[in-house]
There are 2 protein chains.
Amino acid sequence: MAVHVLAVLAYKEGDRVTSKFLAGSVNTNPVIVRRLLLSLQKARLVETCKGAGAGSRLSRSPRRINLAEVYRSVEDTESFASPARKPNADCPVGHCILEALSRLFASAQQAMEQDLARTTLADVLAAVKVSEECAGKKAP
Amino acid sequence: MAVHVLAVLAYKEGDRVTSKFLAGSVNTNPVIVRRLLLSLQKARLVETCKGAGAGSRLSRSPRRINLAEVYRSVEDTESFASPARKPNADCPVGHCILEALSRLFASAQQAMEQDLARTTLADVLAAVKVSEECAGKKAP
DNA sequence: ACAGATGTAATCATTCAGATTACTTAATGG
DNA sequence: CCATTAAGTAATCTGAATGATTACATCTGT
């Protein structure tokens with residue numbers, strides 16, 4: 001949803017876009033979009049103005065926003081969650097398994113983010129425009 | 001939880017271990033463990049026998065089980081879920097965003113699995129044993 | 001001042017993983 | 001051979017998380 005919203009903002013090339021409009025593209029409620037935009041604001045990915053005729057826009061070129069930044073701005077919790085109940089500390093395995101796994105999972109998550117970092121919002125936008133051209137050719 | 005269970009089986013070095021015992025280490029219900037073991041059986045990671053004196057054990061050496069296999073045996077759904085509501089197909093971005101993202105997310109997930117594949121169950125077991133030694137030194 | 005937009009709180013709905021109980025099925029030991 | 005032990009499995013419950021909805025306060029440009 002975050003990538004979708006940012007892609008729309010990139011598509012609009014700096015024009016201010018309202019949460020209502022974004023919600024229409026994502027097919028959700030404007031309040032959900034506004035909550036998402038708050039996270040993106042904190043990460044300095046978008047700038048939002050209040051009041052009449054206002055809305056949001058990207059704070060940088062799509063070329064300079066990669067998907068790892070987007071991921072981190074939105075996902076506060078870790079991908080690999082700890083279990084709700086603590087393992088049995090009397091068992092030699094249960095005693096230390098969380099400690100061991102947290103290192104491994106942090107590494108796996110970092111690998112994932114490094115892969116996401118290879119793609120920028122400009123790449124996503126380009127894919128959108130290609131798809132748009134194809135649709136235009138099919139039904140001119 | 002899957003890694004935890006497999007680590008206990010590795011620690012027990014081929015002895016048959018009951019779901020009740022495993023549940024005691026994980027601190028959960030034996031039924032939960034049995035459901036998990038069904039997935040691990042399908043992936044040929046463990047062998048389970050029914051009846052008195054029965055239980056589960058690894059079907060291979062811990063050296064030859066890596067965490068990507070474990071991940072895939074347990075996680076049937078994709079890490080990056082599609083949104084509950086379909087994006088607005090009338091919007092040029094909404095029309096194609098899922099298609100574009102599915103490729104990117106598949107790549108990110110593959111990167112994560114490749115990182116997990118670098119670690120074997122034997123590595124996890126070694127970490128457990130190191131931790132065990134330290135605990136023994138502290139309180140001999 | 002007012003219209004249009006965001007910020008934000010409160011509440012509801014849905015989904016999902018795990019928890020629990022209960023019952024059936026199978027294999028082993030005496 | 002049968003009593004015991006443990007897995008397979010179904011049904012139901014709970015709690016957490018995410019998104020949906022409604023309502024209202026606040027800000028800002030015309």
Side-chain angles (χ1 to χ4, degrees), chain A residues 1-5 8-9 12 15-43 45-57 59 71 73-88 94 98, chain B residues 1-5 8-9 12 15-42 45-59 71 73-88 94 98:
Chain A
M1 190 163 141
V3 178
H4 185 156
V5 162
V8 173
L9 295 181
K12 293 291 183 179
D15 291 357
R16 297 216 175 266
V17 184
T18 67
S19 63
K20 187 178 176 186
F21 182 93
L22 292 169
S25 175
V26 176
N27 191 20
T28 184
N29 194 291
V31 174
I32 303 295
V33 173
R34 275 179 232 150
R35 282 207 282 251
L36 172 64
L37 287 169
L38 290 177
S39 296
L40 299 176
Q41 283 165 38
K42 279 178 198 153
L45 296 178
V46 305
E47 291 170 355
T48 301
C49 286
K50 299 173 79 170
S56 302
R57 68 182 179 197
S59 61
Y71 178 87
S73 71
V74 166
E75 296 293 332
D76 47 347
T77 66
E78 291 180 359
S79 295
F80 295 92
S82 285
R85 297 186 175 193
K86 297 285 177 203
N88 181 352
L98 290 187
Chain B
M1 189 163 141
V3 178
H4 185 157
V5 163
V8 173
L9 295 181
K12 293 291 184 180
D15 291 357
R16 297 215 174 268
V17 184
T18 68
S19 63
K20 187 177 175 187
F21 182 93
L22 293 169
S25 176
V26 176
N27 191 21
T28 184
N29 194 289
V31 175
I32 303 296
V33 173
R34 277 179 230 150
R35 283 207 281 253
L36 172 63
L37 287 169
L38 291 177
S39 297
L40 298 176
Q41 283 166 39
K42 280 179 197 154
L45 296 178
V46 306
E47 292 170 355
T48 301
C49 286
K50 298 174 77 170
S56 301
R57 67 182 179 197
L58 296 182
S59 60
Y71 178 88
S73 71
V74 166
E75 296 293 332
D76 47 347
T77 66
E78 292 179 358
S79 295
F80 295 93
S82 285
R85 296 187 175 191
K86 298 285 177 200
N88 182 353
L98 290 186

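The figures here come from the full heavy-atom set of this structure, side chains too, leaving out hydrogens, waters and symmetry mates. Predicted model, so just to flag it, every value in this text is computed and none were measured. Residue numbers start from 1 in every chain, and the chains themselves are labelled A, B, ... in the order their sequence lines are given, proteins ahead of strands.
Residues Cys49(A) and Ala54(A) approach most closely at O-CB, 2.9 Å, considering heavy atoms. Nearest heavy atoms, Thr28(B) versus Arg85(A): CA-NH1, 4.4 Å. The two residues Leu37(A) and Val46(A) have their closest heavy-atom pair at O-CG2, 4.0 Å. The two residues Val74(B) and Ala2(B) come nearest to each other via the heavy atoms CG2-CB, 3.6 Å.
In this structure, Glu75(B) atom CD and dC16(C) atom C1' are separated by 12 Å, rounded to whole Å. Between the CZ atom of Arg16(A) and the P atom of dC27(D) there is a distance of 18 Å, rounded to whole Å. Rounded to a whole Å, the NZ atom of Lys20(A) is 9 Å from the P atom of dG4(C). With rounding to whole Å, Arg34(B) atom CZ is found 11 Å from dC23(C) atom C1'. Taking atom CG of residue Leu36(B) and atom P of nucleotide dG18(C), one finds them 9 Å apart after rounding to whole Å. Atom CG in Leu37(A) sits about 8 Å away from atom P in dT6(C), given to the nearest Å. Rounded to an integer number of Å, the gap from Leu22(B) CG to dA19(C) C1' is 17 Å. To the nearest angstrom, P of dA5(C) lies 16 Å from CZ of Arg57(A).
Between Ser39(B) and Asp76(B), every side-chain heavy-atom pair lies at or beyond the 4.5 Å cut-off.
When each of Ile32(B) and Ala52(B) is assigned the nucleotide of DNA chain C with its nearest heavy atom, Ile32(B) is the one assigned upstream, toward the 5' end. Nearest-nucleotide positions on DNA chain D for Ala54(B) and Asp76(A) put Ala54(B) closer to the 5' end. Judged by closest nucleotide on DNA chain D, Thr48(B) is the one of Thr48(B) and Asn27(A) placed further toward the 5' end.
Under 4.0 angstrom from either OP1 or OP2 of dG19(D) there lies no side-chain N or O belonging to Thr28(A). OP1 or OP2 of dA7(D) has not a single side-chain nitrogen or oxygen of Gln41(B) nearer than 4.0 Å. Dashed line: the shortest gap from a side-chain N or O of Arg85(A) to OP1 or OP2 of dT20(C) is under 4.0 Å.
Contacts of Arg35(B) with the nucleic acid, taken as non-hydrogen atoms under 4.0 Å apart, include base atoms.
With dG8(D), dT6(C), dT21(D) as the candidates, the nucleotide lying closest to the side chain of Asn29(A) is dT21(D). Of the candidate nucleotides dA22(C), dC27(D), dA9(C), dC27(D) has the atom nearest to the side chain of Lys50(A).
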